[in-house]
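The chain is numbered in sequence order, starting from 1. Remember, it's 1-based here, ligands and their atoms both numbered in the order they're listed.
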Amino acid sequence: MALLEIKNVSKFFGGLAANSDVSFSMDEGMIMGLIGPNGAGKTTLFNCITGYYPPSRGEIVFAGRRMNGLQPDRVCKLGMARTWQKVRPLAKLSVLDNVMVGALCRTNSLSQAQELAMEQIRVVKLDHKTAFPAGGLTIGERKKLEVARVLATQPKLLLLDEVMGGLNPAESEEIIRLILAIKQKGVTQMVIEHDMKAIMRISDRIVVLNSGEKLAEGTPEEIVANPEVVTAYLGSD
Ligand SMILES: Nc1ncnc2c1ncn2[C@@H]1O[C@H](COP(=O)(O)OP(=O)(O)O)[C@@H](O)[C@H]1O
Ligand SMILES: [Mg+2]
């Protein structure tokens, strides 16, 4: 059984179809890359999947359960967690407190939440910044904080929205390794990313969105060889 099924999902904003009849499914343990030009509807699809918007049409099925209409906190409890393209940490709170917010999805005990949070702060290698206010972090550190916060919710499916955006090559490499390490632990991931080299390297399969519609789906090799994808997105070089 697929872990996640997107069935004919559309999302309209007034007359604009940000997602238009999008369907695909994801098996447990895989990494699905989600690519497409700016405005293609990638973030909107994340918002529909994780309960921030109800889809206008279609169905989201997660672990056999229909998710339409569930609120984001409920979706998170059921095992889906997402990061935000525009990272917004609780600036005045420490790194530890920010990650504890995620952990509190699983426990009401502050000491247990602290333990869960510390574990994930170590995973993303931010332990030297545990007591620092999140507002003082560099963009690279903020992106790691974002990943630690969602990992602390102990997701089955992790949705990462441009976690490499704005990072230098060394920071991106760290994130790539982090994503691959998360995969090793058995967590399924959907990854929105513009860096084509990165997405080719980490993805088992790729879905391409263009103007809200699914333009193509396949292995990284199939996607780079697809003439429609090359025209719409990858460019001639
Ligand atoms: N809340 C919203 N209200 C109105 N239009 C929106 C909203 N969210 C996204 N859109 C529009 O939907 C389209 C897809 O946006 P988005 O999903 O952010 O694309 P991507 O993440 O692929 O860059 C864009 O034209 C965007 O302006
Ligand atoms: Mg986006």
Contact between [X] and [Y] at the side-chain level, heavy atoms closer than 4.5 Å - yes or no?
{"X": "L145", "Y": "V124", "value": "no"}
{"X": "E59", "Y": "I6", "value": "no"}
{"X": "L157", "Y": "M26", "value": "yes"}

#### Entry: Those protein residues which place at least one heavy atom below 4.0 Å from ligand 1
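Only F13, L16, A18, P37, N38, G39, A40, G41, K42, T43, T44, Y53 have heavy atoms that fall under 4.0 Å of ligand 1, ordered by chain and number.
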### Task
Evaluate the salt bridge (Lys or Arg N to Asp or Glu O under 4.0 Å) criterion for residues E141 and K125: first the C-alpha distance (whole Å), next the side-chain angles of each, then the deciding distance (0.1 Å), finally the verdict.
CA-CA 9 Å; E141 290 166 343; K125 300 197 172 73; over 6 Å; no
[X] and [Y] ion-paired at < 4.0 Å:
{"X": "K144", "Y": "E174", "result": "yes"}
{"X": "R57", "Y": "D21", "result": "no"}
{"X": "E146", "Y": "K143", "result": "no"}
{"X": "R66", "Y": "E5", "result": "no"}

### Task
Just do the salt bridge (Lys or Arg N to Asp or Glu O under 4.0 Å) check on E217 and K214 with the steps written out, would you?
CA-CA 8 Å; E217 178 182 352; K214 186 172 96 170; 2.6 Å; yes
### Sub-2.8 Å protein N, O or S atoms surrounding the Mg ion (ligand 2)
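Listed by chain and number, the atoms are T43 OG1, Q85 OE1.
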